[in-house]
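Written out below as structure tokens is the structure these notes cover.
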Amino acid sequence: RGVFRTDLYKTLKKSGCKLIVICPAANESYLQKELGEDVILELYPSSFKVGVGEKIFSVLANSFLFSHPLCTRTLALKWVISLGEKAYLSFLGKGFSALFRLDRIRWLRLWIERIDCRLFSNATARHLINKYEPNLIVTTDLFGTDFYFVREAVKQNIETICLVKSWDNLTSKTRIRAHPDWMIVWSEHQKREAMKLHFFPENKILVKGALNFDHLANPEFKVK
């Protein structure tokens with residue numbers, strides 16, 4: 001909800017754009033009141049059906065191309081913790097995949113991303129995109145189910161923007177399975193992470209701060 005209070009949201013609204021907000025709180029009257037009657041609220045899908053083939057492809061690609069202990073310090077810590085949680089199979093699998101250091105091969109990462117976009121599709125995300133036919137899709141999460149919307153947008157040549165919502169998202173999650181057209185990051189440090197870890201083009205990264213916390217700096221903001 002913090003993004004709704006940013007200048008980005010206000011700029012889009014004032015520009016005359018027709019806004020469709022897909023979120024879990026779409027049925028809540030307070031949200032409609034806050035956003036205004038001219039904003040269309042759509043309930044975020046409770047589930048996204050994913051086939052067995054896509055699940056296997058995703059697990060293998062993520063494990064070998066990013067989610068292993070030699071990729072980032074955060075992932076190394078998660079790897080050690082998995083041993084303490086007796087996730088022995090995961091511990092051994094990620095340790096094995098780290099030996100190949102495939103995460104540093106730029107052309108391979110981008111090639112696997114193209115395969116992902118060509119082979120797989122998600123009916124739920126595709127239905128919502130076809131329903132509203134957006135010119136621009138803005139998301140705050142490239143690593144969760146929001147990814148399905150970005151991938152469908154890539155297929156349909158719809159422009160996409162991702163607002164990185166947390167300071168550690170680029171180092172603690174997994175590979176970006178479908179690159180958006182633009183990424184808005186918190187800092188120059190996070191920009192370097194996007195370039196080094198995810199091979200994101202420098203000219204497609206905008207450093208704008210933590211947009212979802214902008215409202216906390218507003219003198220009129222009050223906690224009720």
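These figures come from a predicted structure and were not determined experimentally. Residue numbers run from 1 in the order of the sequence given. What's counted below: heavy atoms across the whole structure, side chains too, no hydrogens, waters or symmetry copies.
- Considering every non-hydrogen atom in both Arg151 and Cys117, the closest pair reads CG-SG, 3.9 Å.
- Nearest approach of Ala25 to Leu31, heavy atoms of both residues: O-CD2, 3.6 Å.
- If you take CG on Leu110 and CZ on Phe199, they are separated by 7.5 Å, rounding to the nearest 0.5 Å.
- The structure places CG of Leu102 at 6.0 Å from CG of Leu65, a figure rounded to the nearest 0.5 Å.
- More than 12 heavy atoms of other residues, nucleotides or ligands lie within 6.0 Å of CG in Leu99, so this atom counts as buried by the packing criterion.
- Looking at Ile184 and Val164, their side chains never come closer than 4.5 Å, going by heavy atoms from C-beta outward.
- Looking at Glu152, its side chain never comes within 3.5 Å of a backbone N or O of Tyr148 through a donor-acceptor pair.
- The backbone N or O of Lys49 sits less than 3.5 Å from a side-chain atom of Asn122, completing a donor-acceptor pair.
- Between Leu206 and Ile161 the shortest side-chain heavy-atom distance does not fall below 4.5 Å.
- Looking at every heavy atom in both residues, Leu75 comes nearest to Ser172 through CD2-O, 3.8 Å.
- Ring orientation note: the planes of Trp107 and Trp111 are tilted relative to one another, at an angle of 30° to 60°.
- Cluster annotation: Phe120 and Val59 are assigned to distinct hydrophobic clusters (Ile/Leu/Val/Met/Phe/Trp/Tyr, side-chain heavy-atom contacts under 4.5 Å, transitive).
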Would you mind writing out the side-chain donor-acceptor pairs for residues 39-47 within the sub-3.5 Å range, not counting sequence neighbours?
| residue | atom | partner | partner atom | Å |
| --- | --- | --- | --- | --- |
| Glu42 | OE1 | Lys131 | NZ | 3.1 |
| Glu42 | OE1 | Tyr132 | OH | 2.4 |
| Tyr44 | OH | Thr145 | OG1 | 2.7 |
| Tyr44 | OH | Asp146 | N | 3.3 |
| Tyr44 | OH | Asp146 | OD1 | 2.7 |

Contacts under 3.5 angstrom, residues 173-180 side chains, donor-acceptor by atom type, not counting sequence neighbours:
| residue | atom | partner | partner atom | Å |
| --- | --- | --- | --- | --- |
| Thr174 | OG1 | Asn62 | OD1 | 3.4 |
| Thr174 | OG1 | Ser67 | OG | 3.1 |
| Arg175 | NE | Asn62 | OD1 | 2.7 |
| Arg175 | NH2 | Asp116 | OD2 | 3.2 |
| Arg177 | NE | Asp116 | OD2 | 2.9 |
| Arg177 | NH2 | Glu54 | OE2 | 3.1 |
| Arg177 | NH2 | Asp116 | OD1 | 3.4 |
| Arg177 | NH2 | Asp116 | OD2 | 3.3 |
| His179 | ND1 | Glu113 | OE1 | 2.7 |
| His179 | ND1 | Glu113 | OE2 | 3.4 |
| His179 | NE2 | His198 | O | 2.9 |

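- Tracing side-chain contacts under 4.5 Å through hydrophobic residues (I, L, V, M, F, W, Y), one never reaches Leu170 starting from Trp186; they form parts of separate clusters.
- Note that CG of Asn169 and SG of Cys162 are 8.0 Å apart. Values are rounded to the nearest 0.5 Å.
- Under the 4.5 Å side-chain heavy-atom criterion for grouping Ile, Leu, Val, Met, Phe, Trp and Tyr, Ile112 is connected to Leu60 within one hydrophobic cluster.
- Heavy atoms of other residues, nucleotides or ligands lying less than 6.0 angstrom from CG of Asn130 number more than 12.
- Rounding to the nearest 0.5 Å gives a distance of 11.0 Å between CG of Leu83 and CD1 of Ile81.
- The nearest pair of heavy atoms linking Gly95 to Trp79 is N-NE1, 3.5 Å.
- Minimum interatomic distance between His68 and Ser63 (heavy atoms only, all atoms of both residues): CD2-O, 3.6 Å.
- The CD atom of Glu34 sits 11.0 Å away from the CD atom of Gln32 when rounded to the nearest 0.5 Å.
- Note on Leu119 and Phe64: same hydrophobic cluster, where clusters join Ile, Leu, Val, Met, Phe, Trp and Tyr whose side-chain heavy atoms are under 4.5 Å apart, directly or indirectly.
- Judged by distance alone, with hydrogens and angles left aside, the side-chain atoms of Ser97 form a donor-acceptor pair with the main-chain N or O of Lys94 at under 3.5 Å.
- Between Thr139 and Val150, some side-chain heavy-atom pair lies under the 4.5 Å cut-off.
- At a threshold of 4.5 Å between non-hydrogen side-chain atoms, the residues Arg109 and Asp103 count as touching.
- In this structure the side chain of Ile22 reaches within 4.5 angstrom of the side chain of Leu128, judged on heavy atoms.
- For Lys204 and Trp182, the positive end sits near the middle of the six-membered ring, less than 6.0 Å away and at most 45° from its axis.
- Note that the NZ atom of Lys208 and the NZ atom of Lys191 stand 11.0 Å from one another [nearest 0.5 Å].
- Judged purely by atom type and a 3.5 angstrom limit, Arg192 has no side-chain atom pairing as donor or acceptor with the backbone of Ser187.
- At distances below 3.5 Å, not a single donor-acceptor pair connects side-chain atoms of Asp168 with backbone N or O atoms of Thr171.
- The hydrophobic cluster containing Val185 does not contain Leu197, counting ILVMFWY residues as joined when their side-chain heavy atoms lie under 4.5 angstrom apart, directly or transitively.
- The main-chain N or O of Asp181 is found under 3.5 Å from a side-chain atom of Thr160 such that the two form a donor-acceptor pair.
- With contacts defined as side-chain heavy-atom distances shorter than 4.5 Å, the pair Phe149/Phe48 qualifies.
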